[in-house]
Amino acid sequence: MELVETLKEGLQKFKGDKTLFSLCKKYKKMFKVLDFDLDEGEGKKDEENDSDDGETDDDDSDDGSDDDDDKDNDHKSEDDEDDDGSEQSIGKESPEKISEKEQPDVMGTEELDAYFADDANFENFMSQAKENLEKINESQNRTKNTARKSTSPQQKMTTRRMKSISPPSFSLGISPVASKPAVETDTAAKKQTPMIEKTAALETETPKNPKRTRKQVAEETKEEEEPAGKRTKKPSRYLVSPYMNKKTVINTPTKPDEMMVTNALFSMQGNPYEFVFETEWAWGAATIRDNMQTLAPKLKVDASVIDSFACVLSYEETITNGGEKIKQYFHTGILTTAIVNAKKEDEEKQYKEFCANLKTVFKGNPEDSSMDRVELAFFPIIAHEHFYLIVFNLEKGTSVILDNSNSGATYESKYSKEIDILKKLFSRYLASHKHKKASDIATKKTTLMKLKWGTKQNVIDCGVFVMMHMEQYGGETLKNWKFDFPKEGQDQELEIIRMRIKYATKMLMHELNIHREKINQETFEFASNNTDKALMQSMIREEIDKKQEEQSRDHVASAK
């Protein structure tokens, strides 16, 4: 009964499949099934196709004569006369009627056991069943585009009825050999075609559920526990920065994606010590959430943010610069306090530490350590809790200082100690690699640029200015530098806020960031949980004010 119902479902699902129809005729004849009504139209199609298949086995010839009898309108078989007028279409009979039908006397349980007691009969049956299964798979591959994917109500009814029927004591040729463990049988069945998966499901009492990830299960459980209004939709796309692998454009509005990313970041939510930016490229820069949040307005940018941004710029330089000369960006840890304050007798130790710091930058690109391909070398410097930038032009052997602060301080009073030490050590390093401009770097005077957008009152945003100068400066003189940044005032304050938002998004959603997908998910969750924009902005401002107070108490090493 289970075999017949399986074949009936196959006929419904794959109408017109001549191989399956031929298999049904063989099984109907072999087991003398009385309630197995085959469509005459299908039989005609099968007979026409049989002439092309070239199959000449004995069973096929017998089936062909039986099929001729079915097509003869004047001579009905005894089986057809018994069921004429009472047989319904396949799959439409109720479970009660099917279970009440008398089992055929010709091949009952005892006869079936006796038949399969002969090993030769059993092996022959199994061999034929496997051969037929291969034919079904080949035919199903040819007709898979027309196969119906949905399960009809009749099929669902038959499946429910099959759950209460115990499996037969022998393999039907639908699943692997019965001697294999049940777990392996189930695994193998899943690897078969959709039709085989359907029939294999009838051999187990527990219905198969589609595989789900642990995350999907957790989300479903959360949906059951929380009201519908709090459900979070899975992001359908990646948020992007318009400036990935390209220079950030100033004096332009921020994009919606940039606002979404920074709203979530500046809300100060999440684990503050969790990495939100990390790269396995170059020197492996990384920034935790607490430090990345310092890109919010009114906050002093943390040094690790500048370091990570320098890593991003170095990566983009390798992608976008097709010329022979490149820009090389270093992190803030090159010129440490220990190096600056080293005693004269410790010069060798000072130089070794400096070289070790440089090697951390070239770890991912050791061929660049000679600096032969470098045109401009950018060194962000921290001095007296203030950030500024020194740039060496290795083509000309010159150096310049880029600092937003126009406090009126002279080179000698503000920069001489750190810059003189850096020039001496860097020149010695270049000389060790026989660089042609090593001597010029040490001897030529450094130029302090008087920037038109320099500030006197702004002691907070020097970190943002360093990031902008690193990205925008191309070695020009001040007169030729096309950088139209607003002068100090309200317009400059608004533009600095926009640059903070653009840089935060550029880093977090950059292809270099291994945590990009996590940030993307968190951003969408935050947006879905904070639909009231006015309330959200108020909350963000409060959190920024709290962090500003914390920075004042902790005396963060940044702009002052």
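Just so it is clear, the model here is predicted, and its values are computed rather than measured.
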Does a donor on one side chain sit under 3.5 Å from an acceptor on the other, for K300 and T294? no
What residues form a salt bridge (Lys or Arg N to Asp or Glu O under 4.0 Å) with K452, not counting sequence neighbours? none
State, without any angle test, whether E517 and Q521 hold a side-chain donor-acceptor pair at a distance under 3.5 Å. no
For residues 508-516, which side-chain N or O atoms pair as donor and acceptor with protein atoms under 3.5 Å away, sequence neighbours left out?
unit_1	atom_1	unit_2	atom_2	d
H510	ND1	L512	N	3.0
H510	NE2	N245	OD1	3.4
H510	NE2	E316	OE2	3.0
E511	OE2	N245	ND2	3.1
E511	OE2	Y315	OH	2.8
N513	OD1	E278	N	3.0
N513	OD1	H515	N	3.1
N513	ND2	V276	O	2.9
N513	ND2	L508	O	2.9
H515	NE2	E278	OE1	2.8
R516	NE	M509	O	3.4

Applying ring-ring contact (aromatic ring centres under 6.0 Å, His included), can you list everything that pairs with F354, at least two apart in sequence or on another chain? none
So, D346 versus Q350: side-chain donor-acceptor pair below 3.5 Å or not? no
Going by atom types alone, do T477 and N480 pair a side-chain donor with an acceptor below 3.5 Å? yes
Between Y415 and D403, do the side chains contain an N or O donor and an N or O acceptor separated by less than 3.5 Å? yes
Can you confirm whether the side chains of S308 and H331 place a donor and an acceptor under 3.5 Å from each other? no
Test item: L394 and I441 side chains (from C-beta on) under 4.5 Å apart, heavy atoms: yes
S399 versus T446, side-chain donor and acceptor atoms under 3.5 Å: yes
Polar contact flag, side-chain donor to acceptor under 3.5 angstrom, K502-T252: yes
Report yes if some heavy atom in the side chain of M371 is under 4.5 Å from a heavy atom in the side chain of Y429; otherwise report no. yes
